[in-house]
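Written out below as structure tokens is the structure these notes cover.
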Amino acid sequence: MSTAMPNAGAPAFYTVREAARILRVNPATIYRAIREDAFPAVRVRTRYVVPAAALDRLVAEAATSGGCIDPARMVAERRAAREIVGGAPW
């Protein structure tokens with residue numbers, strides 16, 4: 001039985017394996033970055049999921065800047081904004 005919902009639109013979250021496939025890296029690389037607090041993720045009990053908005057932002061920044069994008073910098077900026085202003089959207 002399929003768990004996919006028809007016409008549900010784009011997912012709000014990706015599994016680490018899906019995010020790794022999108023970024024064309026090994027899932028272990030994503031897990032390591034998440035544990036080092038250098039990659040955006042949500043922990044649900046023992047499982048991590050990656051916000052689709054975070055991946056969209058990574059892709060958009062890479063496309064517009066033409067340079068190397070550091071997800072750790074994104075996470076640090078978002079954390080600082082959240083502490084200063086009380087929240088920042090992805």
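Note that these values count all heavy atoms, side chains included, but never hydrogens, waters or copies made by symmetry. Residue numbers count from 1 along this sequence. From a predicted model like this one, the values you see are computed outputs, not experimental measurements.
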Pairs where residues 38-47 contributes a residue and the test side-chain hydrogen bond (donor to acceptor under 3.5 Å, both in side chains) is met, not counting sequence neighbours | none
Mind checking side-chain contact (heavy atoms from CB on, under 4.5 Å) for Asp56 and listing every partner two or more places apart, or none if nothing turns up?
-> none
Taking all heavy atoms of Ala20 and all of Asn26, pick out the closest pair and write down the distance.
-> CB-C, 4.0 Å
Linking I/L/V/M/F/W/Y whenever any side-chain heavy atoms sit under 4.5 Å apart, do Ile30 and Val59 land together?
-> no
For Arg21, enumerate each residue passing the side-chain contact (heavy atoms from CB on, under 4.5 Å) test, keeping only those at least two apart in sequence or located in another chain.
-> Arg17
Tightest non-hydrogen contact, residues Ile34 and Ala41, listed as CD1-CB, 3.6 Å
How does the hydrophobic cluster around Val49 look, that is, which other residues are in it when side-chain heavy atoms under 4.5 Å mark a link?
-> Phe13, Val42, Val44
Pairs where residues 25-41 contributes a residue and the test salt bridge (Lys or Arg N to Asp or Glu O under 4.0 Å) is met, not counting sequence neighbours | Asp37-Arg79
Distance col, row Leu23:CG vs Thr29:OG1, nearest 0.5 angstrom, shows 10.0 Å
Begin with the C-alpha distance, continue with both residues' side-chain angles, and end with the deciding distance and a verdict on side-chain contact (heavy atoms from CB on, under 4.5 Å) for Val16 and Phe39.
-> CA-CA 11 Å; Val16 171; Phe39 198 86; over 6 Å; no
Does Ala52 have any side-chain contact (heavy atoms from CB on, under 4.5 Å) partners at least two apart in sequence or in another chain, and if so, which?
-> Tyr14
What side-chain hydrogen bond (donor to acceptor under 3.5 Å, both in side chains) pairs are there with at least one residue in residues 62-72, not counting sequence neighbours?
-> none
